[in-house]
Amino acid sequence: MTGLDKGFTGSGEPRPEPGAGTFFPGPAARRGTVPPPRPPLPAPSASAVTSGANALPMTLQGTPGDITTAVDGRITIENGVIGKIAALAALEVGGVAALVPRPGAPGPDGQGPGAHGPGAHGPDAARARAGVRVDLDEHADEVALDVAIAVEYGTVIKDVARLVKANVARVAGMMLGMRIAAVNVSVEDVRMPGDQAATRA
């Protein structure tokens with residue numbers, strides 16, 4: 001009987017019992033211990049956010065307590081910013097051809113039904129001519145918006161107006177972080193799609 005028949009490997013080492021471990025022919029099998037599991041890596045701290053939408057400038061990196069420390073001062077959002085947000089949100093809606101001057105708003109020369117009184121030539125009058133009026137209540141932290149639009153010919157006017165109302169309220173509320181008390185939409189004109197001349201008029 002040969003050594004292989006007696007349960008030995010070709011190198012003279014005893015053959016391992018079935019199921020006793022991994023067997024590699026040739027040199028003796030290497031039986032090592034499994035290394036202990038390593039502890040998980042610590043999660044990155046909030047101050048380590050250096051890229052992406054929430055990235056902080058290098059001078060602001062630190063602990064959350066450092067960033068949110070209360071400081072005196074106030075935040076003011078100008079009516080022009082609010083009006084522009086409302087205008088852009090209205091123009092996002094399909095079927096809106098343009099914003100149009102609101103009824104009673106003063107013309108570019110200050111003439112017209114609304115030309116008298118303070119602000120007839122100021123930024124409020126310009127916004128009114130652009131189709132948006134802003135009524136901001138700083139004490140209640142809320143705003144009401146009046147939007148005048150022209151719709152494209154062939155659209156369902158009430159559906160377009162409802163979408164304008166909803167989108168202006170959603171976008172303005174999200175960007176301003178304040179309550180939108182009302183969005184009043186008035187449809188003042190209807191135009192052919194792509195009618196650039198009428199849009200500029």
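Since the structure is predicted, the reported quantities are computational estimates derived from the model, not experimental observations.
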S.K.: Set out, in order, the CA-CA distance, both residues' side-chain angles and the distance that settles side-chain contact (heavy atoms from CB on, under 4.5 Å) for D135 and V143, then state yes or no.
M.R.: CA-CA 6 Å; D135 184 9; V143 63; 5.7 Å; no
S.K.: Taking all non-hydrogen atoms of both residues, which atom of A150 and which atom of R191 are closest, and how far apart?
M.R.: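 Smallest interatomic distance, heavy atoms only, reads CB-NE, 3.8 Å.
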S.K.: Not counting sequence neighbours, which residues clear salt bridge (charged side-chain N to carboxylate O under 4.0 Å, His left out) with E78? List them please.
M.R.: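 Counting only residues at least two positions away or on another chain, E78 forms no salt bridge (charged side-chain N to carboxylate O under 4.0 Å, His left out).
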S.K.: If every non-hydrogen atom of V168 is compared with every non-hydrogen atom of A90, which pair is closest and at what distance?
M.R.: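 For V168 versus A90, the nearest heavy atoms are CG2-N, 3.8 Å.
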S.K.: Are the side chains of V134 and L145 in contact, using a 4.5 Å heavy-atom criterion?
M.R.: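 SC-SC contact between L145 and V134 confirmed.
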S.K.: To the nearest 0.5 angstrom, please state how far the CE atom of M178 sits from the CD1 atom of I77.
M.R.: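 Reported value, rounded in 0.5 Å steps: 4.5 Å.
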S.K.: Not counting sequence neighbours, which residues clear side chain to side chain contact (heavy atoms under 4.5 Å, CB included) with A87? List them please.
M.R.: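 Expected list: L99, V132.
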S.K.: Apply side-chain hydrogen bond (donor to acceptor under 3.5 Å, both in side chains) to D141 and list each qualifying residue two or more places apart in sequence or on a separate chain.
M.R.: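 Applying side-chain hydrogen bond (donor to acceptor under 3.5 Å, both in side chains) to D141 gives none.
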S.K.: Which pairs of donor and acceptor atoms, one on a side chain in residues 153-165, lie under 3.5 Å apart (sequence neighbours left out)?
M.R.:
unit_1, atom_1, unit_2, atom_2, d
T155, OG1, E152, O, 2.7
D159, OD1, R162, NH1, 3.1

S.K.: Within a strict 4.5 Å, meaning less than it, do heavy atoms of the M175 and L88 side chains meet?
M.R.: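 Side chain of M175 against side chain of L88, heavy atoms only: no contact under 4.5 Å found.
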S.K.: Could you work out, with side chain to side chain contact (heavy atoms under 4.5 Å, CB included) as the rule, every residue matching A181, not counting sequence neighbours?
M.R.: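 Result, side chain to side chain contact (heavy atoms under 4.5 Å, CB included) vs A181: E142, R179.
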S.K.: Run the side chain to side chain contact (heavy atoms under 4.5 Å, CB included) test against N167 and tell me which residues pass, sequence neighbours left out.
M.R.: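 Side chain to side chain contact (heavy atoms under 4.5 Å, CB included) list for N167, sorted by chain: A89, E92, V93, R170, V171.
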